[in-house]
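It should be emphasised that the depicted structure is a prediction, and the values quoted were computed from it without experimental measurement. These numbers come from the heavy atoms of this one structure, side chains and all, not from hydrogens, waters or symmetry mates. Sequence lines set the chain letters: A, B, ... in the order given, protein chains first and strands last, and positions in each chain run from 1.
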Amino acid sequence: MRYWLMKSEPSEYSIDDLQRDGHTVWSGVRNYQARNFMRDQMRVGDPVLFYHSSCATPGIAGLAEVSALAYPDESQFDPDSDYFDPRATRAAPRWFNVEVQFKRKTRLMPIAELRQYPELATLRILAKGNRLSITPVDPEEWKFILRQLD
DNA sequence: GCCAACGTTGGC
DNA sequence: GCCAACGTTGGC
């Protein structure tokens, strides 16, 4: 089992939206590294930190769980979608998505707080220049974060 | 295969 | 709104 952190702009899709929906299709990822994580490594039941990005106070906002293995992202085939990709075909899909299930909301743990813990020095999203919307979280990092959230 | 130009991300 | 950092594109 692997642990993950998934970013979402709350103005697009927030932890409250996920709570309301119960689960969601994580479509629209158009970065190869993030796609590969979903397609090659994510398994049903993997725990997920739900992170709010590009907002007033970015940070961890809740917990979720992978609820479906990766399969082709429908939006790549839809000419009306912002995520349409003319290079993709049904025979050779280019983009994949998993599904994610709501677990619970947490207190907001801001990125400024995350940066203060030496235990989280290796957390991927804190690395300089990091832009990946999906990153693995080490078991030790996961345990430490959960302890701070309770 | 190189690399400059461009677009995007995302914290501040 | 700024800008550093990064990924992608496309000409050569």
Side-chain angles (χ1 to χ4, degrees), chain A residues 2-21 23-42 46-66 70-138 140-149:
Chain A
R2 289 186 166 89
Y3 299 91
W4 303 97
L5 182 147
M6 300 175 84
K7 293 183 193 173
S8 183
E9 301 185 17
S11 61
E12 293 297 316
Y13 198 82
S14 70
I15 189 70
D16 291 315
D17 294 324
L18 185 59
Q19 181 171 37
R20 179 199 62 215
D21 296 342
H23 71 101
T24 194
V25 180
W26 208 266
S27 62
V29 171
R30 295 294 180 268
N31 170 281
Y32 291 106
Q33 251 185 293
R35 178 203 67 182
N36 292 348
F37 282 140
M38 286 198 285
R39 190 193 57 189
D40 304 336
Q41 295 193 30
M42 282 184 149
D46 282 359
V48 173
L49 297 169
F50 194 103
Y51 179 92
H52 283 173
S53 66
S54 294
C55 55
T57 308
I60 294 166
L63 302 180
E65 187 177 288
V66 176
Y71 57 88
D73 181 336
E74 272 303 311
S75 64
Q76 69 192 304
F77 307 122
D78 177 5
D80 295 329
S81 168
D82 288 343
Y83 300 110
F84 177 63
D85 186 341
R87 302 163 299 183
T89 64
R90 297 226 172 241
R94 186 172 292 239
W95 305 110
F96 292 78
N97 52 228
V98 295
E99 291 182 13
V100 162
Q101 183 175 55
F102 177 78
K103 295 301 281 186
R104 65 179 172 95
K105 289 181 70 172
T106 63
R107 74 174 174 89
L108 181 67
M109 194 173 175
I111 188 168
E113 179 186 345
L114 295 172
R115 289 192 191 285
Q116 288 173 358
Y117 300 119
E119 292 88 342
L120 300 180
T122 56
L123 194 68
R124 312 293 198 287
I125 58 156
L126 300 183
K128 187 173 184 174
N130 163 77
R131 286 177 8 186
L132 262 187
S133 63
I134 299 175
T135 49
V137 175
D138 294 340
E140 300 74 27
E141 295 167 340
W142 175 274
K143 275 179 228 156
F144 181 82
I145 290 169
L146 276 229
R147 227 178 298 135
Q148 311 310 312
L149 287 172

Worksheet item: B/dT9 phosphate, OP1 or OP2: any side-chain N/O from A/Tyr51 under 4.0 angstrom?
Response: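 Looking at the OP1 and OP2 atoms of B/dT9, neither is under 4.0 Å from any side-chain N or O of A/Tyr51.
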
Practice prompt. Give a yes/no answer on whether the side chain of A/Arg35 brings an N or O atom under 4.0 Å of OP1 or OP2 in C/dG7.
Written response: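 Answer no for this pair, as no side-chain N or O of A/Arg35 is under 4.0 Å from OP1 or OP2.
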
Length of the line joining [X]:[atom1] and [N]:[atom2], which is rounded to integer Å:
| X | N | atom1 | atom2 | result |
| --- | --- | --- | --- | --- |
| A/Lys7 | B/dT9 | NZ | P | 10 Å |
| A/Glu12 | B/dG10 | CD | P | 12 Å |
| A/Phe37 | C/dG7 | CZ | P | 12 Å |
| A/Asn36 | C/dG7 | CG | P | 13 Å |
| A/His52 | B/dT9 | NE2 | P | 17 Å |
| A/Glu9 | B/dT8 | CD | C1' | 11 Å |
| A/Tyr83 | B/dT8 | OH | P | 12 Å |

Discussion item. Test: ring-ring contact (aromatic ring centres under 6.0 Å, His included). Region: residues 75-95 of chain A. Which pairs qualify, not counting sequence neighbours?
Written reply: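 ring-ring contact (aromatic ring centres under 6.0 Å, His included) check on residues 75-95 of chain A returns A/Tyr32-A/Trp95.
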
Item to complete: Mind listing the residues from residues 111-135 of chain A sitting with a heavy atom below 4.0 Å of DNA chain B? Number order is fine.
Response: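 Contacts with DNA chain B under 4.0 Å: A/Ile111, A/Arg115, A/Arg131.
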
Worksheet entry | Pairing residues for A/Glu65 by the side-chain hydrogen bond (donor to acceptor under 3.5 Å, both in side chains) criterion, not counting sequence neighbours |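 If we apply the side-chain hydrogen bond (donor to acceptor under 3.5 Å, both in side chains) test to A/Glu65, skipping adjacent residues, the hits are A/Lys103.
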
Worksheet item: Hey, what bend do you get for the helix from B/dG1-C/dC12 to B/dC12-C/dG1 if you fit axes on five pairs at each end, rounded to 10°?
Response: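 One end axis against the other gives 10°.
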
Worksheet item: Would you call the rings of A/Phe144 and A/Tyr117 parallel, tilted or perpendicular, where under 30° means parallel and over 60° means perpendicular?
Response: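 Plane angle over 60°, so perpendicular.
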
Worksheet item: What pairs with A/Arg20 under salt bridge (charged side-chain N to carboxylate O under 4.0 Å, His left out), at least two apart in sequence or on another chain?
Response: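 A/Arg20 satisfies salt bridge (charged side-chain N to carboxylate O under 4.0 Å, His left out) with A/Asp17 only.
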
Practice prompt. Look at all strands and tell whether A/Arg94 reaches a base, only sugar-phosphate, or nothing, counting heavy atoms closer than 4.0 Å.
Written response: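 Contact class for A/Arg94: none.
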
Discussion item. Under a 3.5 Å threshold, yes or no: a donor from one side chain and an acceptor from the other, between A/Arg2 and A/Gln41?
Written reply: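 Checked: A/Arg2/A/Gln41 side chains pair up, N/O donor to acceptor below 3.5 Å.
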
Worksheet item: In terms of side-chain heavy atoms, does A/Thr122 have a donor or acceptor partner in A/Glu141 at a distance below 3.5 Å?
Response: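 A/Thr122 vs A/Glu141: donor-acceptor pair found between side chains.
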
Practice prompt. Would you mind checking if A/Arg124 and A/Asp138 are paired as a salt bridge, meaning a charged N to carboxylate O distance below 4.0 Å?
Written response: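 So A/Asp138 pairs with A/Arg124 through a salt bridge.
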
Discussion item. Salt bridge check, A/Glu113 against A/Arg107: does any charged N sit closer than 4.0 Å to a carboxylate O?
Written reply: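 Judged by the 4.0 Å cut-off on N to carboxylate O distance, A/Arg107 and A/Glu113 do form a salt bridge.
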
Worksheet item: Excluding sequence neighbours, so at least two apart, what forms ring pair (Phe, Tyr, Trp, His ring centres under 6.0 Å) with A/Tyr3?
Response: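 Testing A/Tyr3 for ring pair (Phe, Tyr, Trp, His ring centres under 6.0 Å), a comparison that skips the adjacent residues, returns A/Trp142.
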
